[in-house]
Structures are given as structure tokens and as C-alpha cells.
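Every value quoted in this text rests on a predicted model; they were computed, and no experiment measured them. In what follows, chains carry the letters A, B, and so on, assigned in the order in which the sequence lines appear, proteins first and then strands, with residues in each chain numbered from 1.
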Amino acid sequence: MPIEILMPALSPTMEEGNLAKWLKNEGDKVVAGDVIAEIETDKATMEVEAVDEGTLGKILIAAGTEGVKVNTPIAVLLADGESADAMKAPATAKSEAPAKAPEAPVEASAASKPAAQPVAAAPKAEVAADPDIPAGTEMVSTTVREALRDAMAEEMRRDEDVFVMGEEVAEYQGAYKITQGLLQEFGNRRVVDTPITEHGFAGVGVGAAFAGLKPIVEFMTFNFAMQAIDQIVNSAAKTLYMSGGQMGAPIVFRGPNGAAARVAAQHSQCYAAWYSHIPGLKVVMPYTAADAKGLLKAAIRDPNPVIFLENEILYGQHFDVPKLDDFVLPIGKARIHKQGKDVTIVSFGIGMTYAVKAEAELREMGIDVEIIDLRTIRPLDFDTVIASVKKTNRLVVVEEGFPQSSVGDHIASQVMQRAFDFLDAPVITIAGKDVPMPYAANLEKLALPNVGEVVEAVKAVTYR
Amino acid sequence: MAAAAKRAPAKSKADAKSGSNPVTPKPVEFTKEQELSAYRHMLLIRRFEEKAGQLYGMGFIGGFCHLYIGQEAVVTGMQMALIEGDQMITAYRDHGHMLAMDMSPRGVMAELTGRQGGYSKGKGGSMHMFSKEKQFYGGHGIVGAQVPLGTGLAFANRYRGNKNVSLTYFGDGAANQGQVYESFNMASLWRLPVIYIIENNRYAMGTSVTRSSAETDFSQRGTSFRIPGIQVDGMDVRAVKAAGDMATEWCRAGKGPIILEMQTYRYRGHSMSDPAKYRTKEEVQKMRSEHDPIEQVKARLFDKKWASEDDLKAIDKEVRDIVADAAEFAQADPEPDASELWTDIVH
Ligand SMILES: Cc1ncc(C[n+]2csc(CCOP(=O)(O)OP(=O)(O)O)c2C)c(N)n1
Ligand SMILES: [Mg+2]
């Protein structure tokens, strides 16, 4: 049956083109791969190759024709023994593919047409509440450092597929001693010292996770994970979705994040807002040792990639941790650190230290503050935040990261959209100053948020 | 390609660690069954890609679409050296790899058209497809990113103590990415069972290897890491199979990674929208007429009287039918349901 050669689309955006010239004449034999014509697209002059074998029976669109729509028949190809007359028969096959071509582009682009209906919102995963801690459970004063180590050790005992890799995690016992003792207990098969090669070992970790292992990848600090961010975002975060759910990366990327003390611009950035931007990632940033332990255990078990942001200054701080065999906390659930009725302060990670100190000062002034520790930045527990705002009608958000596109900005926007009528004052967001972290002690102090700023913000939203 | 034999395998330091250095093996003699099987597999890829090109021209396939035409012998020959459980990972020029891994032509084509029956339910497209079942780990759109990932697959094999090997494919262009060398270092340090297959098709988009690469002998790119490598005539499926046998044996014996530089050629533009002005028509035509991987097998089959013109026509018909069926399916299958926007992700 004669085959119609159609005007091809030769770029993602092409809708029509000019038929610049024919390189074969009617009656010429062509084999697959022969260039038969040249067309001009919006970007370039392209060659049209024959896909089938035969004789060029008839040219339907003359050379020099402009504005030829994609999928218009431009010529007819005849098999041995066929004549161009066969064209007159109605049953011409449109190429050898099923005859449906002309409608094709319309249908193919249906998805890009503006949807008539509003797009349904993302369904929200149900997040369980924190587990009950049985009465009489012993509380053990523990540093955040020990809590993190205990979480990893417990999960490694529980699951043979869990392993730790990173710079100095094994022999050196961790640059910040978070992996202390793990090499001795689990050996160098499961506690792996890597070369200084963040992009590489992040990718190796993700590949191992694709294959079903559950890596904990330690970054000496998250500042260095910038070299690995492509593997974290493009490979770890997106694969579950891109594979239609077949395959994901059960991996934890953890390490200290944000400013430590006097390590200046390149070693002091908070990445909470950066990673929280990415669908496919979970982002956890604990403050207390108990949260660090319970959430790291949850992160290791989670089938999704989890960014676990720690803080060097918090590592040495003591908090009570319940002595339980298996203490796991839900990712995606904020914790009401202190109940109050006059104003809500939302914070997370080291930001909580400012909130807690400010609350003490404000209590003296007779202001009853509710403090919410987000614990998880993504998925963010807006239910808890909004319920609190509906009660207090006032909100201040505190974090150490840069101000533009900060976590606080996102919360302010959401609260405005979901609880505008409940607000008695504009939301105030407190963040680090909009400068690279300076080295000088006095300037560093100025660049970070301080308790006074939080107190002032609370006074402002409570009109005191 | 004769070029493969031209350069003597360079002396790498690999000897010190792993005994003698591998050299390019002679092409293995195929049995009649092997020749026919290779012919059929390569033809399936060729016809599939031609059809994909056609569907792109008709607007059924959108975005970027990178065809594998010309390079069929590489995946086909390597596939003949694998055992159950071996993994494969590559970049965006991945249709041929998936067909070689025995993934369904319907599933691949329907992903190209963005339909629900595609391997990723239409959510990945040409460059991002996976099959956990067939051990195909993608389909990656970021040049070079698959190299650490493939190294990680090998890490998992070593961790589990199995005999499987990770086939990590990348291009001559990707070979200049930093993360490739980070991976080489770790793979060699930890003796990971990974075969780095560099598909040197002489161009990265419009940039020829001589314009981008200080060392154009890609088989020697592992020298600093004590990873041995060989150059292979990637247009001869028997040469590829021989190299594949040697390399898989090397890895399974616990000797660590190895590099196979496959000297090959892509006939089509980089993607569908590439006018390919950076090379001459004569260069392309010469490769097609003198080195075509499918024609080489065909000639041998005729030579040895293992197949007649009619026999091959029958195979051709069978392959065309599979491809036509895949194309028909991929056009008729509905787009994913709107609710799929929110699946395979947590919020
Ligand atoms: C990190 C990155 N940079 C640039 C690109 C754009 N790009 C896509 S393919 C390509 C050329 C790669 O060539 P090569 O590795 O030789 O593979 P081939 O296309 O020849 O198979 C480029 C520059 C990309 N996808 N990712
Ligand atoms: Mg290339």
C-alpha cells in the first residue's frame, strides 16, 4: 500500500515549517535513511530521512512552500509494483503507523491545555501522633550526640541493610564524634570511610539505596553537600515519581547544618529552606535529644530520602530521653514545646534556643507564649501551626537561615491564606541577616537572630 | 572499526594490584543461533527507534528523544554476557538498553508517548524509565549522574556478597564529568564489581571528542585509579560479546572495576531536533555502509549459508509486527488519570 510521508515535527516546540527543498525527484528509489528533503523549523534547517524503502511516487507539497503544518502529507512512497494511481484509492495508509495522525498533536498536547477544572490539591498523608510514653518510664539525660549515635546503632542492629558512610565516620569515629563506637560494633563493611568526594559518595549511596540497601550518608557538614545536591535532588528525590512508584531511595543524608561558631561564610549556612523546596524529600531538623533519636530512627526506616539537619552547637546539649526499647517518632508532626494563649512562636532546630529564652523573658512581662517546635520542615505540620494561630491570633517565626524564601516566609504565606481572619497582627519572621556569615565575633553575633529580636517581635504582634 | 586495534593497550598500573592487564579479546565466533539472536535483537532496536522517530515527527512523542540507531551492537553484545541479577544503568539514550534488558516494547513506547501503560505510568518519559523487575535502573537525564549510581549498585552487590555485576553505561561527553572520577576512585578502592562502558560515539551533542577531550583514548581514563580498560569495536557484536565475557569474568572474580570503551557511532542527530551540522554526510554514510552492526551479521549469515533472504525477511516481518503493535498500543493507551499527579510521592 502506498505510504504517505508526513511533515514531521522536529523539535519539542515545532508546529509548522517551510519545505525548503526536495533532494529526491518523483520516480527516484529511496532506502531507509536517505535524505529526501530539507525543511526549515523555527530553529534550524533539518533533513527529512526516509524511514521506509520504495519509490518516491508523488510530491504533494512543492519545494519553497512555507508554513506547512506538522503532519500534512508531503509525498507518497510506493512499494515495488505500485503506481501513484493507487493514491486515488481511499484506503491509503498514512505511513505504516495506525492512521490517526492528524489529530495526534492535539491529543498529545491535551495535557498542556489549561485544565477546565481546578487541579485537586495534594492528598495529605495521615501522620500518627507521638507514641505514648508509659508512666514510670525512666528518663535519661542524654546529649544530642549520644542520641544520634544510639539511633543509628539500634537501627543497624535491627536491620542488616542499614549502613553508614561518609568522611571520617569509621576509624576517626566521626568528625564530630557522632559515629563513635559504630566501627567497633559493626565493622568496616557497615561503617565505611569514604574519600573526600561528596558528589560521588552521595551518588553511590543513592545507587545502593536503589538496589534496596538503606544507607545513612553523613556529610561532615551540609555546606559540603552543595557538591552533592544534584544527586540528592535529581536522583534521590525524583526517582520514585519518575519511575511510577517502582523504585525509590530509602536513604538518610545527615550531618551538622547551619552556623557553628566563628567558621565564617562557607561553613555556616542553613539549608532547611533549600531542601524543603523539593518534592520527594523529607526534611527533619530536631532540637532536643529525644526528637533527634526518635526522628533519626524514623528517618532510617522511611522509604523516602530524608535530609536530617543537625547542629554542632546542639550536639553537646543534654535533654531527657525516655529509656524505651524502640523509641520512634513520627516524621511530619510538630511538637508543642510549651502551651500558651497569647502568641505563637514557631521555630525548629537551633532556632528553638532563641524561642525558649525569649519565652522566659516574656513570661516575666506577663505574656503567655505558645512555642511550637516544627521538628520536620517537610512535610510541614500546618495543622498544628494553624490550630495554634487560631487560638493565639498572633505568630512569630524564628530561624537562623537567610531571610529571602525562608521557611518562615512560607509559613507566613500559608497562614495568611488559611487563617487570615484569625490574625490580629501581621506575622513577623525572624531570620539570619541577609549577608554571608562574617568571621569577626561581633559581626557574627549581629548576623544571627537574637533573643531581643524575638522579644521585640512578640511585643509588636501583641501591641505591647 | 579498525581504530580499535590501532592503539596498543596502554600499560596501566593495574598490574600491580590485579595481576596481568586485560587486553582486547578477539571477537568470539558466534554459533548460528547466536548470530540469529543478535540479528533479531539489533533489528528490534533499529526498527523500534525508527518508529519512535516517526511518532515524534507525528507529535505523539514530545520533549527530548535520543535515538540509539547505529549503536545497537553495544547493548546487544553486552547483554549476551550477563547472568540473572546483573544490573544496568545508563543515560537518556536508553531505549535500546531497555529492549536489550527484555523490557516490553509496548511499555517503553507507551512511556515515550506519555501514556498510563508506560513503564513509569507516563511520568518519566523517554529519558527516565526504570524496571526494578528487569534490573534496569534508568534512564537518567543528568549527564554523568548515572556513574556514581551504577557504582552504588555495585556497592550493594559487594555488600551482599553476591556475584552480580553492575553495567554502568555513559557517553564520551559524560566521561569528562568530575563525578565519573570520584566513582572510579571509590570503585577501585573498594574493588566494586562494576563495568564502566563508555559508549564513544565520537560526539557529545555537537562537540567531537577531539574538541572536548585531552585524552581521547577513553579506555585509559581509569589509569590514575588503577582501573584497566580496553578499546572495543562497538560496531561488531562479536567483539562486544568477547569483551563482555572478559569483563564480567574479571568483575565476578573480585578483581574490581574495568572500563570498556565501545567505539561506536550514532547515525541520527543527538536528539530529534539536532540538524547535525557538525559532521559531514560522507562521514555518516561511510559508517553506515562500511560498519553497520546489523549488516555485518547479515553478511555473515549469508556467507555461512545460515539464513536465506527469505529467512531474514521473516525475522524482519516479525520484528516489524512487534514494533507496530507497540506503536499502536502507545497511541491508543490513555493518558494517565489526573489523580496520578499526586501518586508516588508523599506530602
Ligand atoms: C549535567 C548536564 N549537562 C548538560 C546536559 C545537556 N546534554 C544532554 S546530552 C549532552 C551530550 C552528552 O554526550 P555523550 O555523553 O557523549 O552521550 P551521547 O549523547 O553521545 O550518547 C549534553 C551536553 C545534561 N543533560 N546534563
Ligand atoms: Mg557521545
Measure distances from [X] to the heavy atoms of chain B and classify the residue's part below 4.5 Å as side chain, backbone, both or neither.
{"X": "Val192(A)", "value": "side chain"}
{"X": "Glu49(A)", "value": "side chain"}
{"X": "Thr13(A)", "value": "neither"}
{"X": "Met14(A)", "value": "neither"}
{"X": "Lys282(A)", "value": "side chain"}
{"X": "Ala237(A)", "value": "neither"}

Of all residues at least two apart in sequence or in a different chain, which pass the side-chain contact (heavy atoms from CB on, under 4.5 Å) check with Lys132(B)?
Gln246(A), Met247(A), Tyr137(B)
Sorted by chain and number, sequence neighbours left out, side-chain contact (heavy atoms from CB on, under 4.5 Å) with Glu160(A) holds for Arg189(A), Arg190(A)
Which members of residues 147-157 of chain B, sorted by number, sit under 4.5 angstrom from chain A on a heavy-atom basis?
Pro148(B), Leu149(B), Thr151(B), Gly152(B), Leu153(B), Phe155(B), Ala156(B)
Please verify the inter-ring angle class for [X] with [Y]; under 30° counts as parallel, over 60° as perpendicular, anything in between as tilted.
{"X": "Tyr267(B)", "Y": "Tyr265(B)", "result": "tilted"}
{"X": "Tyr92(B)", "Y": "His66(B)", "result": "tilted"}
{"X": "Phe210(A)", "Y": "Phe130(B)", "result": "perpendicular"}

NZ/NE/NH1/NH2 to OD/OE distance under 4.0 Å, Lys286(B) and Glu283(B)
no
Under-4.0 Å salt bridge between Asp316(B) and Arg47(B):
yes
Taking all non-hydrogen atoms of both residues, which atom of Leu67(B) and which atom of Ala52(B) are closest, and how far apart?
CD2-CB, 4.2 Å
Pairs of heavy atoms under 4.5 Å with chain A: top-ranked of [options]:
{"options": "Glu340(B), Gln146(B), Gln179(B), Lys121(B)", "result": "Gln179(B)"}
{"options": "Gly53(B), Gly62(B), Ser131(B), Gly118(B)", "result": "Ser131(B)"}
{"options": "Val180(B), Val346(B), Leu192(B)", "result": "Val346(B)"}
{"options": "Met129(B), His128(B), Gln135(B)", "result": "His128(B)"}
{"options": "His140(B), Glu111(B), Gln87(B), Arg288(B)", "result": "Arg288(B)"}

Give a yes or no on whether Phe64(B) atom CZ has more than 12 heavy-atom contacts from other residues, nucleotides or ligands under 6.0 Å away.
no
Is it the case that atom CD in Glu133(B) sees more than 12 heavy atoms from other parts of the structure closer than 6.0 Å?
no
Partner chain B: residue of [options] with the largest heavy-atom pair count (under 4.5 Å):
{"options": "Ala9(A), Gly212(A), Pro123(A)", "answer": "Ala9(A)"}
{"options": "Gly200(A), Ala208(A), Ala122(A), Pro215(A)", "answer": "Ala122(A)"}
{"options": "Pro12(A), Gly205(A), Gly245(A)", "answer": "Pro12(A)"}

Side-chain (Asn71(A)) to main-chain (Met58(B)) donor-acceptor, under 3.5 angstrom
yes
Is any side-chain heavy atom of Leu189(B) closer than 4.5 Å to one of Pro195(A)?
yes
Contacts of type side-chain hydrogen bond (donor to acceptor under 3.5 Å, both in side chains), residue Ser243(A), not counting sequence neighbours
none
